[in-house]
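Fair warning: this is a prediction, and the values are worked out from it, not measured in the lab. Numbering starts at 1 and runs along the sequence shown. We use all heavy atoms of the structure for the numbers below, so side chains are in, but hydrogens, waters and symmetry mates are not.
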Amino acid sequence: MLFSLRPDYASDPFLRNLVERLRQYLDGELAEYEHEHALTPSTPITRELLAPVWRRSRELGFYGIHLPPGLGGQGLTYTQLAALKEEVAAGGRVLGSSVLGEMGGPLRVGDIMAAATEHQLEKYFLPVVRAERACCFSLTEADAGSDVRAMHTTAVRVADGYRLTGHKVFSSAGPVADFAIVVARMADAENTYSAFLVDLDGAGCRVLPGATPMSGEHIESDIVLDDCLVPAANLLGKEGDGFTLGLGRVNVNRLLHCPSVLGMTRRALELTLSRARTRIVRGAPLGELQSIQHKLADMATSYYAARAMTYAALAELDTGTVPRLEAFMCKLNVAETAFRILDEAVQIHGKEGLTQGNEVEYLFRRVRMFRVLTGTSEIQKNGIAKLLLRGAGSAAA
């Protein structure tokens, strides 16, 4: 894997074609749509705004492209999906997360569809694949982030199903979702958690505006459940499968989030190189200063190393191996490396890099969040150390 800020994927003609078409859509039609609606990262998202993008992306074959052909996708490998996620993030589009189906679509559902019954597929998941419905995932609570076992949301068995009570936060895509995948603690069993499909317009369920993250995006909701009746048919898997479904999704996402952050980092590198070439200081381009050259060299080298280790782990995932140790390592390294690169990008941009509305300033805020999201860097270090002490990665393991 050679260094490039615009990979051509010549060794994979199928992927190369997909990437070329995706770039055309991002830079052309989608850019025009965003311009027509005067969109910025802080524009509140609505169903009316996103639905046309979902439908058009599906028409072009991108929405849910990772799914097997039987579900309307093209059965991408994890590596191919990662390459597309990287391209979307590097494209710099405000609505980029809607193209492959991350914002309430098939990528938000994840691998959970494998646990769905025929009824659940027909009513909930297949409409998501067809861009007719949207979903969100509700696991986190105010006092239950990395320590998910501290959750207070409970599920009580009743004759006609389950009654859920609790308050979920940071439900991404909640403002546009029709239903949520909610993980709750079984009230009559210790340390037993189950997953449910909850209709967000049902009695006992309220969707509230969530906290605005430092990125400024309005994509989060709180899901408040007050004795909300959920039919027995809406239990995902079996009782007690909640963590298997929820955290299993998190384990894969830990690695699959990395290409998106690498894409944002790549975008920042491109903007910074342009700045170094065009910003004139004392009669010469900024990039002629050796101090700036050294910064750029370090930024590009760090990016290359983080990207190489991420795609190496993805290649293992494609073989059927679950690279748990490597996923922790990739998430840690990509998060910390991207933050350092964006910090330097802001520095090189100077005053403009500190100004709201400048793309590098926005990317800095988004990348900073990744050191916390999907498990803090400290949590990643805990996971790495525990696996190393158990012998993971050693010849004796």
Side-chain angles (χ1 to χ4, degrees), residues 2-10 12-43 45 49-66 73-74 76 79-103 105-107 131 215-217 219 256-278 300 303 307 338 341-342 345 349 352-353 357-367:
L2 299 178
F3 175 85
S4 175
L5 291 180
R6 197 171 176 84
D8 65 8
Y9 302 104
D12 186 343
F14 171 71
L15 178 59
R16 183 178 190 174
N17 176 261
L18 286 179
V19 168
E20 288 175 352
R21 291 198 299 110
L22 180 59
R23 287 171 177 165
Q24 290 172 4
Y25 175 52
L26 294 170
D27 296 339
E29 190 175 330
L30 186 57
E32 292 172 6
Y33 180 81
E34 292 183 358
H35 179 72
E36 289 170 6
H37 291 80
L39 299 185
T40 71
S42 60
T43 301
I45 64 167
L49 190 64
L50 296 191
V53 179
W54 294 340
R55 291 193 295 268
R56 182 55 177 155
S57 297
R58 176 172 167 76
E59 290 172 2
L60 294 172
F62 296 123
Y63 199 75
I65 192 173
H66 67 293
Q74 297 193 44
L76 299 189
T79 299
Q80 291 169 332
L81 174 60
L84 296 187
K85 285 170 65 71
E86 181 184 336
E87 288 300 323
V88 167
R93 298 272 67 84
V94 174
L95 301 182
S97 60
S98 291
V99 174
L100 301 178
E102 289 185 275
M103 187 54 64
L107 273 177
S215 65
E217 298 165 294
I219 61 174
L256 282 178
H257 277 317
C258 290
S260 295
V261 178
L262 289 168
M264 288 186 278
T265 307
R266 190 175 111 195
R267 175 70 174 170
L269 270 169
E270 291 173 337
L271 292 169
T272 305
L273 286 168
S274 176
R275 172 76 172 180
R277 293 184 184 113
T278 58
Y303 162 78
R307 187 174 188 272
I341 291 173
L342 263 295
H349 275 76
E352 282 75 12
N358 181 280
E359 189 174 357
V360 162
E361 185 271 343
Y362 166 67
L363 287 170
F364 175 84
R365 287 185 281 120
R366 280 202 71 187
V367 164

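Counting all heavy atoms, side chain and backbone alike, E270 lies closest to L5 at OE2-O, 3.0 Å. Of all heavy-atom pairs spanning P7 and R307, the tightest one is CG-NH2, 3.7 Å. Considering every non-hydrogen atom in both T265 and L342, the closest pair reads CA-CD2, 4.2 Å. Closest approach of R365 and G216 over heavy atoms only: NH1-N, 3.8 Å. Pairing each heavy atom of V53 with each of Y33, the nearest pair is CG2-CE2, 3.6 Å. For the residue pair K85 and L256, the shortest heavy atom distance occurs at CE-O, 2.7 Å.
Using a 4.5 Å heavy-atom threshold, the side chains of M264 and Y362 count as separate. Taking the side chain as every heavy atom from C-beta outward, M103 and L50 approach each other to under 4.5 Å. For the pair L76/F14, a side-chain contact is recorded, criterion being any heavy-atom separation below 4.5 Å from C-beta on. Using a 4.5 Å heavy-atom cutoff, the side chains of L15 and L84 are in contact. In this structure, the side chains of Q80 and Q74 stay at 4.5 Å or more apart for every pair of heavy atoms. With contacts defined as side-chain heavy-atom distances shorter than 4.5 Å, the pair L22/L18 does not qualify.
Considering CG of L363 and CD1 of I341, their distance stands at 12.0 Å, rounded to 0.5 Å. Here the OG-CZ distance, from S98 to R56, works out to 15.0 Å after rounding to the nearest 0.5 Å.
The pair R266-E87 meets the salt-bridge criterion, with a side-chain N (NZ, NE, NH1 or NH2) lying under 4.0 Å from an Asp/Glu carboxylate O. Remark: R55 does not engage E59 in a salt bridge, criterion side-chain N to carboxylate O under 4.0 Å.
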**Q.** Test side chain to side chain donor-acceptor pair (under 3.5 Å) applied to Y9 and E20, step by step
**A.** CA-CA 10 Å; Y9 302 104; E20 288 175 352; over 6 Å; no

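Ring orientation note: the planes of Y303 and F3 are nearly perpendicular, at an angle over 60° on the 30°/60° scale.
Between the side chain of E86 and the backbone N or O of L262, no donor-acceptor pair lies under 3.5 Å.
Under the side chain to side chain donor-acceptor pair (under 3.5 Å) criterion, R58 pairs with no residue, sequence neighbours left out.
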